[in-house]
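Here is the structure we will look at.
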Amino acid sequence: MSDMKNIFKFLIIVILSIFVTGCAEEWLEEPKTTTILLPEQVWNDPLMVTSLLANLYDRIPVHSQIDNGWANYSAYDEGMAPGTADLGTANNNILNYAYNRWTLWDYGYIRDINLSLNDLYQYSTVFTPTVKRQYRAELRFLRAFDYFEMVKRMGGVPIIVQELIYDYSGDATALQRPRNTEVEVYDFIASELDAIKDSIGNTGSKDRANKYAVLALKCRAMLYAASIAKYNSLMPVPITTQGGEVGIPASKANAYYTAALNAAKEIITSGQYALYNKNPNPGENFYEALTKKINNTEMILVKDFNISKVKRHNFSYQNICRTMREDNLSSSSVSPSLNLVEDYEYLDGTPGTLKGVGDGTVAGQANWIYYDKLSDIFNNKDARLYGTVVYPGTSFKGVDVQMQAGVYVWNATTKRYDRSESKNFGQVWTDGKLQTGNGGPIRDVEEVSCTGFYVKKFIDPAALSSARGVGSDIAWPRFRYAEVLLNAAEASLELGGANVNDAVTWVNMVRQRAGFPANSLDANTLTMARLQNERRVELAFEDHRTWDLARWRIAHTVWNGSNSNPKAVLYALYPYRVINPSDPSKDGKYVFDKFVAPKFLAPRFYQLGNYYSQISQTVLDNNPLIVKNPFH
């Protein structure tokens with residue numbers, strides 16, 4: 001290709017960026033390399049193709065993951081920000097979610113993939129037809145993944161599968177495309193994934209898509225489509241547009257549930273994956289399931305990191321417990337909420353509401369249970385809690401987390417306990433014993449828990465992983481087997497009939513790994529609400545919560561912006577040591593108070609206009625064929 005032709009192609013990309021995406025700022029940045037590689041150089045060099053694919057995998061859009069966007073864990077109901085890393089005010093005072101919070105109009109990425117698909121066959125001469133089919137399949141997987149990320153946020157978007165060539169006539173209308181319907185986008189994703197699953201190769205790979213990653217994406221996408229078809233139609237006023245850009249007819253729900261179930265079954269029956277079950281301690285086992293990288297049979301597709309190749313993230317540095325941080329800066333940026341903790345059931349199947357908790361008032365002291373050990377209040381809980389959250393009375397990485405908010409001292413005159421807290425870490429009371437722990441919680445100090453809990457999931461157990469300049473290479477699970485089992489269970493439960501027994505089997509597999517007895521649920525006790533809670537506790541901090549509530553069309557009722565709604569308000573649990581020498585049955589024991597989390601300023605408020613994100617005015621101005629989403 002001549003230099004002039006390269007320039008011409010570059011100009012096409014610029015024009016396409018302007019008229020399809022409505023944004024050309026990225027092309028105004030200074031070049032990051034002084035070397036220009038011609039397409040024939042790239043597509044005849046396996047290393048260069050691998051590098052190109054690595055770049056595209058790295059750019060798969062996400063809302064929250066451990067290397068990007070993890071601050072959003074404190075924006076919903078999984079956690080609170082104690083004030084570090086500029087999270088405090090921003091994430092604790094969300095009066096409502098902006099309509100463009102989840103906006104994704106990602107045609108720069110689509111353009112790069114379409115260009116790669118074209119160049120692969122136009123310029124490659126050294127690869128066999130089989131290798132070319134594999135590369136093509138991998139590129140189509142990435143494109144389908146991106147369309148899924150767009151449709152779950154935006155509804156229907158224009159489906160562009162070929163390069164759009166500008167003819168320099170001064171009229172760009174030929175490049176303008178209307179939005180496809182939401183149904184058409186989901187159907188396109190399904191058809192693309194069906195077409196490539198048997199040619200994508202990468203057998204056994206966990207960081208490049210193989211057949212089972214393709215099936216996992218289809219399973220997730222079809223479940224979303226099915227949920228929207230069913231639950232959007234059950235709303236008092238379904239959210240739709242006249243042209244079907246948003247909204248899926250209820251009549252399509254069962255077909256989508258069936259497609260999701262069939263994709264999940266193909267993974268399950270393959271025998272290629274299994275729940276991680278290598279540690280006899282179920283809590284430690286669950287933690288290892290998310291942190292072990294070698295021989296982890298649960299992971300289907302991950303975003304991997306490698307310390308030796310300087311590809312790492314700082315999630316551990318930002319979120320390690322205050323007690324064990326290996327640096328003098330940064331820790332505890334996300335404090336898990338008591339809301340999340342109490343959603344972990346007891347192993348006898350009863351709700352997870354903690355027992356014997358006060359509310360910080362004198363009257364509330366009558367509700368206390370006096371616990372011998374801090375951890376006793378969490379006894380017989382779903383073991384996934386231990387693997388997800390660091391709670392009082394436990395140790396982590398061999399260190400006692402030392403969580404104690406203060407002391408309650410008996411006042412013989414008033415016949416009540418007086419609370420005393422300190423802002424000093426490791427503060428000792430006059431009896432020579434601990435008043436406030438090195439791990440807090442403390443109400444208004446940064447870099448320490450403000451809710452009484454720390455994140456454990458994805459925190460690297462390796463030494464120095466929370467120190468500056470070291471980082472972590474814990475992988476991010478794009479798809480894992482437990483999600484597939486829960487997807488299969490949900491689709492089966494929704495389809496009903498004989499499928500319900502399969503749903504029970506799959507949910508119980510996930511629960512038994514968490515310490516529940518075999519067959520802890522049956523066809524009568526497995527309800528949709530129960531399954532929704534299973535996803536809540538199994539997939540916490542894995543970027544599922546917001547999207548699950550949205551596809552079930554309950555986000556606006558769970559997060560309704562009301563201070564009187566306990567689901568929209570985030571809570572904390574503070575432990576105290578009791579000082580009452582006159583009553584040996586209570587002296588030295590521990591009590592707990594529950595209250596609205598310090599620094600929590602506004603109840604979570606998800607509006608009807610959040611179900612489909614806002615299309616930017618730039619896109620609307622550049623393409624008059626684009627229809628706005630409802631409420632915007």
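Side chains included, hydrogens not; waters and symmetry mates left out as well; all remaining heavy atoms used.
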Considering only NZ, NE, NH1 and NH2 on the basic side and carboxylate oxygens on the acidic side, decide whether E534 and R530 come within less than 4.0 Å.
no
In terms of side-chain heavy atoms, does S562 have a donor or acceptor partner in S564 at a distance below 3.5 Å?
yes
Is it true that R220 and E483 make a salt bridge, defined as a side-chain N closer than 4.0 Å to a carboxylate O?
yes
Which heavy atom in V569 sits nearest to a heavy atom in N339, and how many Å separate them?
O-ND2, 2.8 Å
Hey, would you say the F541 and F458 ring centroids sit under 6.0 Å apart?
no
Exercise: identify the closest heavy-atom pair between I267 and Y212:
CD1-O, 3.7 Å
For the atom pair OG (S205) and CD1 (I300), what is the distance rounded to the nearest 0.5 Å?
12.5 Å
Side chains of D522 and T525: is there a donor and an acceptor less than 3.5 Å apart?
yes
Please determine if E192 and K218 form a salt bridge, counting it only when a charged side-chain N lies under 4.0 Å from a carboxylate O.
no
Would you call E182 and K152 a salt bridge, using N to O less than 4.0 angstrom?
no
Using a 4.5 Å cut-off on heavy atoms from C-beta on, say whether the side chain of Y257 contacts that of M222.
no
Mind checking whether T241 and Y612 have side chains closer than 4.5 Å, heavy atoms only?
no
Considering only NZ, NE, NH1 and NH2 on the basic side and carboxylate oxygens on the acidic side, decide whether R604 and D77 come within less than 4.0 Å.
no
Donor-acceptor pair between S116 and N118 side chains, under 3.5 angstrom
no
Rounded at 0.5 Å granularity, tell me how far SG in C219 sits from NZ in K265.
12.0 Å
How about W102 and T546: do any of their side-chain heavy atoms sit closer than 4.5 Å?
yes
Would you say N508 and R513 are linked by a side-chain donor-acceptor pair, where the criterion is simply a distance under 3.5 Å?
no
Determine the minimum heavy-atom distance between A489 and V507, stating which atoms define it.
CB-CG2, 3.4 Å
Lys/Arg-Asp/Glu bridge criterion (N-O < 4.0 Å) met for D194, K197
no
Begin with the C-alpha distance, continue with both residues' side-chain angles, and end with the deciding distance and a verdict on salt bridge (Lys or Arg N to Asp or Glu O under 4.0 Å) for R59 and D112.
CA-CA 11 Å; R59 290 165 56 193; D112 289 349; 2.9 Å; yes
Evaluate the salt bridge (Lys or Arg N to Asp or Glu O under 4.0 Å) criterion for residues R511 and D382: first the C-alpha distance (whole Å), next the side-chain angles of each, then the deciding distance (0.1 Å), finally the verdict.
CA-CA 8 Å; R511 286 169 62 86; D382 181 335; 5.9 Å; no
Looking at N232 and P238, would you say the former's side chain and the latter's main chain have a donor-acceptor pair under 3.5 Å?
no
Check: D543/W547 side-chain N/O donor and acceptor closer than 3.5 Å
yes
For K252, does the NZ atom sit with more than 12 other heavy atoms under 6.0 Å from it, leaving out its own atoms?
no
Using a 3.5 Å distance criterion without hydrogens, assess whether the side chain of N629 forms a donor-acceptor pair with backbone atoms of S613.
yes
Could you check whether the rings of F148 and F145 sit parallel, tilted or perpendicular, using 30° and 60° as the cut-offs?
tilted
Donor + acceptor pair across side chains of E342, Y571 (<3.5 Å)
no
Which atom of P158 lies closest to which atom of I626, heavy atoms considered
CG-CD1, 3.9 Å
Does the pair K211/E266 count as a salt bridge with the N-to-O cut at 4.0 Å?
yes
Are the side chains of L53 and Y135 in touch, meaning some heavy atoms are under 4.5 Å apart?
yes
Is Q617 atom CD crowded by more than 12 heavy atoms from other residues, nucleotides or ligands, each under 6.0 Å away?
yes
Taking the ring centre of each residue, are Y76 and Y606 less than 6.0 Å apart?
no
To check you understand the geometry: which heavy-atom pair defines the closest contact between S191 and F188, and what is its length?
OG-O, 2.9 Å
Side-chain contact test, heavy atoms from C-beta onward, threshold under 4.5 Å: evaluate it for H313 versus W476 and give yes or no.
no
Quick one: which of N114, I113, N180 gives a side chain to side chain contact (heavy atoms under 4.5 Å, CB included) with I160?
N114
Answer yes if the side chains of Y256 and D187 hold a donor-acceptor pair under 3.5 Å, and no otherwise.
yes
Testing the basics here: between T297 and L275, what is the closest heavy-atom pair and its distance to 0.1 Å?
OG1-O, 4.1 Å
Exactly one of K457, R478, R384 clears salt bridge (Lys or Arg N to Asp or Glu O under 4.0 Å) with E542, and that residue is K457
Looking just at side-chain N and O atoms, do N487 and R535 make a donor-acceptor pair shorter than 3.5 Å?
yes
Are L539 and R480 side-chain neighbours, meaning at least one heavy-atom pair lies under 4.5 Å?
yes
Do the side chains of P624 and Q176 get nearer than 4.5 Å, heavy atoms only?
yes
R153 side chain to N610 side chain, donor-acceptor N/O pair below 3.5 angstrom:
no
Are the side chains of F479 and V302 in contact, using a 4.5 Å heavy-atom criterion?
no
